[in-house]
Undergrad: 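Would you mind keeping the following structure in view while I ask a few things?
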There are 4 protein chains.
Amino acid sequence: MVAKASIRTYSVDSDLVARRRQQIAVGAARVLVKKAFDATTVREIAKACGMSPGTIYHYIGSKEDIIDLVLSHGEAHYKPFFEKADVYLKMLNATQALKQAIEDYYRKVDSRQDFLLFCYQEAKNMSPRQLGTLLDWDRSVVDVFRRLLDKGCASGEFVIDDVRLVANRIVSDSAMWVVRRWFLRKHCTLEEYIDQEIQFILRAISRDKGVYNEG
Amino acid sequence: MVAKASIRTYSVDSDLVARRRQQIAVGAARVLVKKAFDATTVREIAKACGMSPGTIYHYIGSKEDIIDLVLSHGEAHYKPFFEKADVYLKMLNATQALKQAIEDYYRKVDSRQDFLLFCYQEAKNMSPRQLGTLLDWDRSVVDVFRRLLDKGCASGEFVIDDVRLVANRIVSDSAMWVVRRWFLRKHCTLEEYIDQEIQFILRAISRDKGVYNEG
Amino acid sequence: MVAKASIRTYSVDSDLVARRRQQIAVGAARVLVKKAFDATTVREIAKACGMSPGTIYHYIGSKEDIIDLVLSHGEAHYKPFFEKADVYLKMLNATQALKQAIEDYYRKVDSRQDFLLFCYQEAKNMSPRQLGTLLDWDRSVVDVFRRLLDKGCASGEFVIDDVRLVANRIVSDSAMWVVRRWFLRKHCTLEEYIDQEIQFILRAISRDKGVYNEG
Amino acid sequence: MVAKASIRTYSVDSDLVARRRQQIAVGAARVLVKKAFDATTVREIAKACGMSPGTIYHYIGSKEDIIDLVLSHGEAHYKPFFEKADVYLKMLNATQALKQAIEDYYRKVDSRQDFLLFCYQEAKNMSPRQLGTLLDWDRSVVDVFRRLLDKGCASGEFVIDDVRLVANRIVSDSAMWVVRRWFLRKHCTLEEYIDQEIQFILRAISRDKGVYNEG
DNA sequence: CATGAATGAGGTTTCATTCAT
DNA sequence: TATGAATGAAACCTCATTCAT
């Protein structure tokens, strides 16, 4: 799903390389929450990783590669969600499955806000390849919800005009929790936000207009 | 509404200053759609404005000031919308008013996508003051919809738990039309997107569950 | 003869560009007599040119381009020699012509020793293209002497086994005046070196074994 | 003849030190044929030696010391030539002795071209001490030929104006076989080059103008 | 003894900003 | 007023050298 670019390294110890790159991804993410990628110096990133600028270049080929590391690391955080996709699909009640998936996904998003923020704010600094990686990943998420919605339509629980658009909306809104956090954080908690999202979606797609009140 | 910072200039002809700054804002916006602010050189911006780098500095104090110009210019684009706010409020039917306001606002957003993109992608490059300006502006937009929703609640047309959250959602979704355009543009037109938005919102807030189908 | 590479510049004033590049070539040559190209920093070269490091990069694309400038400028120094080639060929006495050509060329070499030193010592730092330029130039010089020798053979003044080798030797020996200057400078003057060269060559190629004593 | 600088080492096993330094000299020479010393990293040299960068530093004090090793090793290659010098001097026929010496020396040069190339191209990167070592060595070679020429003059076989210059010319021309190999290699073999050299020299210095044809 | 990961000084290069014209 | 050449600070990146293993 995620095409991992082959990044230059001077080391042959692939374990160490993996460990250091993880370290770089984590450190970089920490700094990049506050400052734009371009405005952040390699020195700053190195310091946040507990490395010297020279060391960082033993594990990457150029500053740009740090974007790849951050993306890879961020996406890895969602692996459990993707692995659970089949579980949602096997649930008898599509409504319950959707509720569960939304809640799980939104909690994932919330627990690694730096990643989504990075994706939305640094898109313009990314190479076409990096952007492609990102869009592929996004589509994968949308697809999980799309399949859930499809199943609900098939079972008659949902009535939906354009399944893709609704799936997109669910993903959009999760991003908004992060991107517009300065607004939302003042007015509601994550739980409230999730509840509202579920209500909005279910009201819009449920055949039986009362069902969404039971959850 | 928007606190215009006082930017240094060497000129005394305030008309010329205004004209040149408009020119800069327009030119800069054109370049900044494609490249991040930090990755864009003053030379590039100057060329896009049809000026020399030296001339630009007769009308700004530093590169950062260009952000202010772009923001001011972008916000000015929404002036008609704000001026029409009272019209919406005076409409008898809150549902119709809301529909109208959403449609008007979304069209405004669509016609100057570069501005919203700039706001969301360059937030990290902005100074606290600039960010404040931006948030103030955002709140103003949300407020327009909040007042519309309040009125609908008062008249009994709407039943809303948290008016702020719904208003925020309307504004959020307009931003998503721009920020996730790479997804949406493939799957629906602006008109379809607006229709879906109106349906989602009305289904969620209307007392009379059928009303939103009539629009 | 010399393929001038197109080097990046930020200026459009081609006169200024030419002037500044000349300035760079001269300054660089002055520093590069003493230190290897790689061991010389751009800052040092800039200072020797009376420019700032930033300014130098308005007229070149990379440090490597300085090699081109030095080569171009060095070769230009030999333009008068090439232009005089026809004069030598039109002289009735091939022996006199050869003597004259050798003397002229060796004096040229002596008056810009830095250039030949640069060519022989930096060859390994040059790109294939630059090396090609250099070899082309070298061949041009050899060719001048080759044609003179050919003419002497045709007129019966010279008897030569391999004209190319003799021409090459003349050029080689001129380089040696520079490359082994630490030896030669202690033991002879340029005039003596030229005389010896002429004697060596004429003794080796003259049909009439006495002729070279008359010169 | 060659003052071997004392190079730092961490080892006490002087046999091992000698062996490793030989290894370094050979490996370095192999790499330095293609790339300038400054442009070659210690890592590359280490790899060419089959060592790690760390190991190299157990046997040298700094990268610069590698120049010393290469010089020492290269000069050692000429030891047999120097040892044979007395043999040449004891030959009855100076002309034959000179012919033999030239041929032997030129073959030596040809069989280790990398060394001469290194000497001529890296001179600017050498410290004064290293350059001194090199010039001393060069003078030693010139001296061998000088003594041969002196003897020929004494015996009446040669008539020479400036013995030093002729000796220098013999050595110069051997260097040219390497330094201008890109030209010569296309036009003649080593044997032809040696023959031409012997002819040039003998024609220039022989009392009996016919003698050189007999060889 | 051998290794190669880590370091950080210093090199090349870019670019916001100034200022003479 | 407008220009664009010049500046130099600071960024990215390399690599000689050290040192724990």
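Keep in mind that what you see is a predicted model, and the values were worked out from it rather than measured. Atom set for the values below is all heavy atoms of this structure, side chains included, hydrogens, waters and symmetry mates excluded. In what follows, chains carry the letters A, B, and so on, assigned in the order in which the sequence lines appear, proteins first and then strands, with residues in each chain numbered from 1.
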Undergrad: Classify the nucleic acid contact of B/Thr40 as base, sugar-phosphate or nothing, counting any heavy atom under 4.0 Å across all strands shown.
TA: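 Sugar-phosphate contact only - B/Thr40 comes under 4.0 Å of backbone atoms but never of a base.
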
Undergrad: In whole angstrom, what separates C/Gln23's CD from F/dA6's P?
TA: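 In whole Å, F/dA6 P and C/Gln23 CD are 8 Å from each other.
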
Undergrad: Keeping the roles fixed (side chain from B/Arg43, backbone from B/Pro53), state whether a donor-acceptor pair exists under 3.5 Å.
TA: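 Absent.
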
Undergrad: Send over the distance from B/Arg8 CZ to E/dT17 P, rounded to a whole Å.
TA: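 B/Arg8 atom CZ is separated from E/dT17 atom P by 9 Å.
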
Undergrad: Any ion pair linking A/Arg129 and A/Asp68 (charged N to carboxylate O, less than 4.0 Å)?
TA: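 Yes, A/Asp68 and A/Arg129 are salt-bridged.
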
Undergrad: For E/dG11, does OP1 or OP2 lie under 4.0 Å from any side-chain N or O of C/Thr41?
TA: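 Looking at the OP1 and OP2 atoms of E/dG11, neither is under 4.0 Å from any side-chain N or O of C/Thr41.
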
Undergrad: How far apart are the C-alpha atoms of D/Asp114 and D/Arg112, what are their side-chain angles, what is the distance that settles it, and do they pass the salt bridge (charged side-chain N to carboxylate O under 4.0 Å, His left out) test?
TA: CA-CA 5 Å; D/Asp114 55 347; D/Arg112 279 293 307 277; 3.0 Å; yes

Undergrad: Between D/Gln22 and D/Arg19, is any side-chain donor less than 3.5 angstrom from a side-chain acceptor?
TA: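 Their side chains do not contain a donor-acceptor pair, so the 3.5 Å distance test is not met.
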
Undergrad: Mapping C/Val42 and C/Thr55 onto DNA chain E by nearest heavy atom, which one lands closer to the 5' end?
TA: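 Result of the comparison: C/Val42.
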
Undergrad: In terms of the nearest nucleotide of DNA chain F, which residue is placed more toward the 5' end: C/Gly54 or A/Tyr10?
TA: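 Its nearest nucleotide lies further toward 5', so the answer is C/Gly54.
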
Undergrad: Go nucleotide by nucleotide along DNA chain E from the 5' end; which of C/Ser62 and A/Arg20 gets its closest nucleotide reached first?
TA: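 On the 5' side of the pair lies A/Arg20.
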
Undergrad: For F/dA6, take OP1 and OP2 only and decide whether either is under 4.0 Å from a side-chain N or O of C/Ser52.
TA: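 For F/dA6, OP1/OP2 do not have a side-chain N/O of C/Ser52 under 4.0 Å.
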
Undergrad: Whole angstrom is fine here: how far is it from NZ in B/Lys35 over to C1' in E/dC15?
TA: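 The answer, rounded to whole Å, is 12 Å.
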
Undergrad: Measure CG/C/Asp38 against P/E/dG10 and give the value in whole Å, please.
TA: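 It is 18 Å, rounded to the nearest whole Å.
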
Undergrad: Are A/Tyr59 and E/dA6 close enough that a side-chain N or O sits under 4.0 Å from OP1 or OP2?
TA: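 For A/Tyr59, the contact criterion (side-chain N or O under 4.0 Å from OP1 or OP2 of E/dA6) is met.
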
Undergrad: Rounded to whole angstroms, how far apart are CD1 on B/Ile67 and P on E/dA16?
TA: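 So the two atoms are 12 Å apart, to the nearest Å.
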
Undergrad: Just to confirm, is there a sub-4.0 Å distance from OP1 or OP2 of F/dA5 to any side-chain nitrogen or oxygen of C/Arg19?
TA: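 Answer no for this pair, as no side-chain N or O of C/Arg19 is under 4.0 Å from OP1 or OP2.
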
Undergrad: Ignoring the backbone of C/Asp13, work out which of F/dC12, F/dA5, E/dT7 is nearest its side chain.
TA: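 It is F/dA5.
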
Undergrad: Does any nucleotide pair with E/dT18 by Watson-Crick or G-U wobble geometry, both distances under 3.5 Å, and what is it?
TA: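 Paired with E/dT18, as far as the under-3.5 Å criterion goes, is F/dA5.
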
Undergrad: In terms of side-chain heavy atoms of D/Tyr57, which of F/dC12, F/dA16, E/dT7 is nearest?
TA: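 Closest nucleotide among those given: F/dA16.
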
Undergrad: What is the distance, rounded to the nearest whole Å, between atom CD1 of B/Ile60 and atom C1' of E/dA16?
TA: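 After rounding, the gap between these two atoms is 9 Å.
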
Undergrad: Report the distance from atom NE2 of D/His73 to atom CG of D/Leu69, rounding to the nearest 0.5 Å.
TA: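 So the gap between those two atoms works out to 10.0 Å.
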
Undergrad: Rounded to the nearest Å, what distance is computed from the NE2 atom of residue A/His58 to the P atom of nucleotide E/dG8?
TA: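 For the pair A/His58 NE2 and E/dG8 P, the rounded distance is 13 Å.
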
Undergrad: Round to a whole Å and report the spacing from CG of C/Asp65 to P of E/dT12.
TA: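 It works out to 14 Å between those atoms.
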
Undergrad: Which is more 5' along DNA chain F, the nucleotide nearest A/Phe37 or the one nearest B/Ile56? Just name the residue.
TA: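 The residue mapped nearer the 5' terminus is B/Ile56.
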
